[in-house]
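Everything numeric here is computed off the predicted structure, so don't read it as measured data. All values below were derived from every heavy atom in this structure, side-chain atoms included, with hydrogens, water molecules and symmetry-related copies excluded.
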Amino acid sequence: MTEPTPPVAKSAIAVAAERYLRHLAIERGLSANTLAAYRRDLDTYLGFLSARGLVTPAAVGADDVTAFAHSLRADTERPLAASSVARMLSTVRGLHTFFVDESLAVEDVAHTVAIPKQPMRLPKAITIEQMTAVLGAFPGDEIISLRNTALLELLYATGARVSEVTALNVDDMIDGDIVRLLGKGNKQRIVPVGSFAQAAIEKYLVRARPVLSAKGASTPALFLGARGARLSRQNVWLIIQSAAERAELGIDISPHTFRHSFATHLLSGGADVRVVQELLGHSSVATTQIYTMVTADTLRDMYTTAHPRAR
């Protein structure tokens, strides 16, 4: 009887790519179809690297990424549309940024690769009314409701990434009205916390966190799960999905929806774009300025509706 062939062990870079896909699913709340497209792009890239004998994230150099980009543009038998090339190279750049953020590589070797320019897509934000409904999705003084409300209020109050919020410790809340966030590249920033979030976090710390903490080993984490351990990014994703269903939004939202809405609502309220840049932890103001286009569209719609000679 022939013994079954043992499964081939995945390379270190393939394992890291799987971690990146899980990160995308949780951090950005991408749909199954979008994740499938990312997976196809990564399979193509990893196949290219494997053919060059590269099996670890740290082994890949800038020349390898450049060679991959050239191979995409030089394929005359199956030419790719500019949008497909842009998507694949964007996926590759995101992967290498993830490698650096997760200390799997020292240098981001893909950050200089040129990506074909595409029409700018605006971030998706929900209205203030919709956000209010989401934030009120867990009424009452039950332990889990207090935690969930505090979590959602803090996400909206600070525009923090989900990874930044789950990494928070109790000591990162400074005097109750300021939070210390650790962003990409271990860059620290200080962000004010509004009164609604302050009140929700105080109730959670006094009434709920001690109960949750008693169920597990001692941890400094601010947000705890039902067993007393640090709340995971996946937990946050599920809480947000539940809030959206309870609020009857009729649309999917993710942790990034809170971040986009935070920026859009601040700019709509008159905040300076450079202040929003600092609050979001963007290294370049150009990244933040995309939100100004959202508010410009809102102003244009209001003008068209209200002005007697606008149409």
Side-chain angles (χ1 to χ4, degrees), residues 22-23 25-29 126 128-183 188-249 252-262 265 279 281:
R22 288 196 297 273
H23 164 81
I26 296 167
E27 181 91 10
R28 294 175 54 185
I126 58 178
I128 294 175
E129 292 74 20
Q130 288 174 318
M131 181 59 74
T132 300
V134 170
L135 297 176
F138 297 100
D141 289 335
E142 294 182 5
I143 299 301
I144 298 302
S145 293
L146 291 175
R147 182 205 62 193
N148 291 353
T149 299
L151 170 70
L152 298 177
E153 286 281 5
L154 188 63
L155 280 169
Y156 179 53
T158 62
R161 302 175 179 91
V162 64
S163 55
E164 295 171 345
V165 168
T166 54
L168 282 174
N169 294 328
V170 174
D171 289 346
D172 290 320
M173 296 298 305
I174 305 171
D175 296 330
D177 63 346
I178 292 176
V179 64
R180 180 173 48 230
L181 297 171
L182 191 63
Q188 193 176 99
R189 68 185 188 278
I190 302 297
V191 179
V193 177
S195 61
F196 283 82
Q198 288 179 44
I201 292 169
E202 183 177 358
K203 286 178 68 174
Y204 162 69
L205 288 174
V206 172
R207 302 183 191 179
R209 190 183 181 280
V211 177
L212 294 172
S213 181
K215 296 181 179 181
S218 178
T219 172
L222 175 60
F223 291 110
L224 304 178
R227 297 182 180 179
R230 184 182 295 273
L231 201 66
S232 70
R233 290 181 289 188
Q234 182 65 45
N235 291 145
V236 176
W237 166 255
L238 294 173
I239 290 167
I240 290 174
Q241 289 297 295
S242 176
E245 292 174 5
R246 286 168 172 245
E248 299 181 345
L249 289 192
D252 290 331
I253 62 173
S254 70
H256 246 57
T257 305
F258 281 73
R259 188 166 165 83
H260 294 327
S261 301
F262 167 84
H265 298 168
L279 293 173

Counting only heavy atoms not in [X], do more than 12 fall under 6.0 Å of its [atom1]?
X      : atom1 : value
Glu202 : CD    : no
Glu248 : CD    : no
Glu142 : CD    : no

N/O donor-acceptor pair under 3.5 Å between [X] side chain and [Y] backbone:
X      : Y      : result
Thr149 : Phe138 : yes
Gln198 : Val193 : yes
Thr132 : Ile128 : yes
Ser213 : Arg209 : no

So do [Y] and [X] actually touch side chain to side chain, heavy atoms under 4.5 Å?
X      : Y      : result
Asp252 : Thr257 : no
Val134 : Tyr156 : no
Ile240 : Leu155 : yes
Leu222 : Val179 : no
Asp172 : Asn169 : yes

Least distance between heavy atoms, [X] atom then [Y] atom:
X      : Y      : answer
Tyr204 : Phe223 : OH-CA, 3.4 Å
Ala243 : Leu152 : CB-CD1, 3.9 Å
Val191 : Leu181 : CG2-CD1, 3.8 Å
Asp171 : Arg180 : O-NH2, 3.2 Å
Ile253 : Trp237 : O-CZ3, 3.6 Å
Val236 : Pro255 : CG1-CG, 4.4 Å

Just how far is it from atom [atom1] of [X] to atom [atom2] of [Y], taken to the nearest 0.5 Å?
X      : Y      : atom1 : atom2 : answer
Leu279 : Thr158 : CG    : OG1   : 9.0 Å
Lys215 : Leu224 : NZ    : CG    : 10.5 Å
Leu151 : Ile144 : CG    : CD1   : 11.0 Å
His256 : Arg161 : NE2   : CZ    : 7.0 Å
Ile201 : Leu154 : CD1   : CG    : 4.5 Å
Gln234 : Ile239 : CD    : CD1   : 10.5 Å

Is there a donor in the side chain of Asn148 and an acceptor in the side chain of Ser145, or the other way round, less than 3.5 Å apart?
no
So the salt bridge (charged side-chain N to carboxylate O under 4.0 Å, His left out) pairs with at least one residue in residues 220-245 (sequence neighbours excluded) are Glu27-Arg233
*Is a salt bridge present between Glu153 and Lys203, judged by a nitrogen-to-oxygen distance below 4.0 Å?*
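No, Glu153 and Lys203 are not salt-bridged.
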